[in-house]
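Single-structure report; data block below.
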Amino acid sequence: MKQYTYVINDDISLEDVAKQISDKIHRNPHVTSVLQVIESSGTEEIIRYGYEKASKWFPDMIIYGMTSQGAIVDGMHDVTIDYNGMGVCSLLLFENSTVVAKGYDCHIQTPLECGQDYLNLLNKRKDIKGILLMSSDITLFSEDFARTVLEEYPDVPIFGAMAGTRDITNDRSMVYFDKEIYNKGIVAVAFCGDDLHIEAKKSLGWRPLGKEFVITKSSNDGLVQEIDDKPAIDVYKEYLGVSENRFFYDNTAAFPILFLQNDELVGRVALYCSDGAIKYTMPIPEGTKASFAYARKKYLLSESLQNANDLISFNPQAILIYSCVTRRNFMGDLLADREFLYYKNVCSNSAFTGGYGEFLFSDEGAGLLNGSLIAIGFREGDATLSYIEPYVDEDLIQNEELLPLMERMINLLEKTTDDLRENVLQLYHSANHDELTGIYNRASFNYYYNEIFEKNNGPISAGLFLIDIDHFKHINDTYGHEAGDLVLKKLVAYVNSVLPERAVFCRWGGEEFVCIIDNIDKEEAISIAEHIRHTIEISDFSPIPKITISLGVTVISDAETSHKDIFKKVDDALYEAKESGRNKIIFRT
């Protein structure tokens, strides 16, 4: 396999590039040739002109591509500059592999329908090693396409990007394949071959900063209307001092928000604000807990450097890179180009493009991404010994002697933020947990108790248990309060060992404990209570010879709306258990 990358600019015309590509194909007959074309002007006439020429020059070649958001080659600058139609062509020549590609117009088909059609085209073939996915239109999210394909091919990585445009507020993004251009579409390219190997790497580098907030109102088109039950713009005003105006993206691009998705940290960049709502590049589900992010340039670079150097042992013959232009905006051209050079050190013809967002559905990826860099290495055959030396970036090596003022200020901010976050977590834990036993306290119980009534859509049937240690005053008087504290701790451990995972177990006060378990009936509640009682009766509480407990139990139903009556019922049941001999269970309906 071989890769050749060409930049079309004022010095090298489309015709010049075509001649060079023709020469490579002539020298490599009987190969599968694939051409990825990234176009930066976002002008449909230019793309159609290129396709007309290419279809005459290379009638049998698979040609696909997308418009970029801006910087796609060394030395490009701000995304608002006119690029005069410059683009990047990357030629992939496969000796033993094949490609299955198709484009879809999502004005006609949904991403889900496109995915189902693409599965039919793949026809259950077993040699698929990776699938490239490109999409256009920032309101079109192709996760349904990817998820549909992954149901059939769960171990095949799906990677790629959302096409972009230079003007974020006027989306003219396009993807193209087989002479068709889609302003709302999907292009999928499956790379197949028993001898083909693909390695995917993801770099993020952003880190969470400040408080965590909750997305309380959002929609599937990437629009977030409310954060913490307030207009989304209010959070940006409060924490960044940013208002709704034409410079919104410029003011916020360096501060994406971060949250967990499929147990991986992912980012979202805000594109613009409209009537107090924020438009992001990809959807953020309601209920998502997120925080603003920040980065030092060395954070972004260090992660990419590590990934690039890790690819050396894979020994790729080609590398395709899809990066969010936010990284270039934040780092500037010089450092963004250096990030690209890390990968060029591994494969000199690596191809780079920037879009609105990135895709990586794999063990290392988390699906829909943003603010990240995806690097895909290709190789036919086994990896041979590489003589490439890992790239060493001297600027990333800490100078212990003299640090710039900005570096010291960021260190101070980071450490202060970490300390504050740790203190907040400690305060939160203290406010919600019993200091002695470590389980939830009464305030936490009230929260979870109310949550059962507020969030349960179906019939309510929850078991409520009130537990009291028999003769606890005698234990304290005879063995001392230190022994009494030990009894409380041991009892909590024993009870927790037999409770189901969904149980909420809390210290009610003194020697009394309360437990609520959702979705159980009377028989199960009595069975669990008896298991708890018997466990305590046979457990070791040395130096106290024996400990027993009494339990009042009830099951809460939909008809019971008075919390006061519910607790009186279970309290009366406990009182009866104590008065009628202790070490027993009384159930009240």
Side-chain angles (χ1 to χ4, degrees), residues 38 40 66-81 83 88 138 159-166 168 173 200-209 248-259 261 264-271 280-282 292-309 311 319-346 350-360 364-366 368-376 391 393 395-396 410:
I38 307 301
S40 66
M66 71 179 202
T67 56
S68 80
Q69 192 180 345
I72 54 176
V73 294
D74 298 359
M76 284 191 166
H77 303 283
D78 187 86
V79 295
T80 60
I81 290 179
Y83 298 121
V88 173
I138 57 174
F159 49 84
M162 292 175 65
T165 53
R166 290 174 296 163
I168 292 171
S173 60
K201 294 289 185 181
K202 178 197 71 172
S203 302
L204 184 61
W206 304 92
R207 300 187 180 184
L209 177 68
F248 182 80
Y249 173 79
D250 304 83
N251 287 325
T252 63
F255 296 92
I257 64 170
L258 292 184
F259 59 93
Q261 177 176 281
E264 291 281 342
L265 199 62
V266 300
R268 292 289 184 268
V269 176
L271 295 179
Y280 292 91
T281 46
M282 296 180 182
F292 281 114
Y294 79 106
R296 296 195 208 189
K297 295 169 184 178
K298 70 177 183 181
Y299 292 163
L300 302 179
L301 292 175
S302 295
E303 197 168 323
S304 282
L305 178 60
Q306 181 65 52
N307 282 338
N309 285 339
L311 275 176
I319 296 180
L320 297 178
I321 299 171
Y322 306 95
S323 176
C324 183
V325 78
T326 299
R327 301 172 76 87
R328 182 171 288 265
N329 286 349
F330 179 71
M331 291 191 289
D333 277 342
L334 183 63
L335 294 183
D337 288 346
R338 186 187 302 178
E339 184 175 40
F340 180 33
L341 289 175
Y342 297 158
Y343 292 94
K344 290 193 74 171
N345 176 61
V346 183
S350 299
F352 178 99
T353 185
Y356 281 142
E358 304 76 56
F359 308 130
L360 183 56
E364 189 170 311
L368 304 179
L369 307 175
N370 203 208
S372 61
L373 182 149
I374 306 300
I376 313 298
Y391 195 102
D393 192 335
D395 290 342
L396 298 182
I410 293 176

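Being a predicted model, the structure only gives us computed values, none of them experimental.
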With distance as the sole test, does N370 use its side chain to make a donor-acceptor pair with the main-chain N or O of V266 at under 3.5 Å? no

Does F159 form a side chain to side chain contact (heavy atoms under 4.5 Å, CB included) with L369? I'd like the steps, not just the answer. CA-CA 10 Å; F159 49 84; L369 307 175; over 6 Å; no

Return yes if some donor-acceptor pair links the side-chain N/O of E303 with the main-chain N/O of L204 below 3.5 Å, else return no. yes

With sequence neighbours excluded, residues passing side chain to side chain contact (heavy atoms under 4.5 Å, CB included) with A308: Y342, Y343, V346

Parallel, tilted or perpendicular: which one describes the rings of Y294 and Y299, with boundaries at 30° and 60°? perpendicular

Please check this pair: side chain of S68 against backbone of G355, looking for a donor-acceptor N/O pair closer than 3.5 Å. no

Would you sort out whether R338 and K297 count as a side chain to side chain contact (heavy atoms under 4.5 Å, CB included), showing the intermediate values? CA-CA 11 Å; R338 186 187 302 178; K297 295 169 184 178; over 6 Å; no

When rounded to the nearest 0.5 angstrom, what is the spacing between CG in N345 and CG in L305? 9.0 Å

What is the minimum heavy-atom distance between E358 and S372, and which atoms define it? OE1-OG, 2.7 Å

Is there a side-chain contact between Q261 and M282, using heavy atoms and a 4.5 Å cut-off? no

Check S173 against T67 and note the closest heavy-atom contact, atom names and distance. CA-OG1, 3.4 Å

Gap between atom OG of S350 and atom CD1 of I376 - 0.5 Å precision: 11.5 Å

Backbone of A293 reached by a side-chain donor or acceptor of R207 within 3.5 Å: no

So does Y391 get a backbone contact from the side chain of N309, meaning a donor-acceptor N/O pair under 3.5 Å? yes

Quick check: do I38 and F352 have side-chain heavy atoms less than 4.5 Å from each other? no

Heavy-atom distance under 4.5 Å between the side chains of T326 and Y249, does that happen here? yes

Atom of A295, atom of G205 and distance for their closest heavy-atom approach: CB-O, 4.0 Å

With a 3.5 Å distance limit and no angle check, can you tell me whether W206 reaches the backbone of G371 through a side-chain donor-acceptor pair? yes

CZ of R327 to OG of S304, rounded to nearest 0.5 Å, is 4.5 Å

Taking the side chain as C-beta and beyond, is there a heavy-atom pair between K344 and I319 under 4.5 Å? no

Search all heavy atoms of K202 against all heavy atoms of L360 and return the closest pair with its distance. CB-CD2, 3.8 Å

Over all heavy atoms of both residues, which pair between T252 and A270 is shortest? Give the atoms and the distance, please. OG1-O, 3.8 Å

Atom CG of L335 and atom CG of L300: how far apart are they, to the nearest 0.5 Å? 9.5 Å

Please determine whether side chain to side chain contact (heavy atoms under 4.5 Å, CB included) holds for the pair L368 and F359, giving the CA-CA distance in whole Å, both sets of side-chain angles, and the decisive distance to 0.1 Å. CA-CA 5 Å; L368 304 179; F359 308 130; 3.6 Å; yes

Output the distance between atom OH (Y356) and atom CG (L271), rounded to the nearest 0.5 Å. 6.5 Å

Shortest non-hydrogen contact between R328 and D337, atoms and distance: NH2-OD1, 2.8 Å

If you measure from CE on M66 to OG on S40, what distance do you get to the nearest 0.5 Å? 11.5 Å

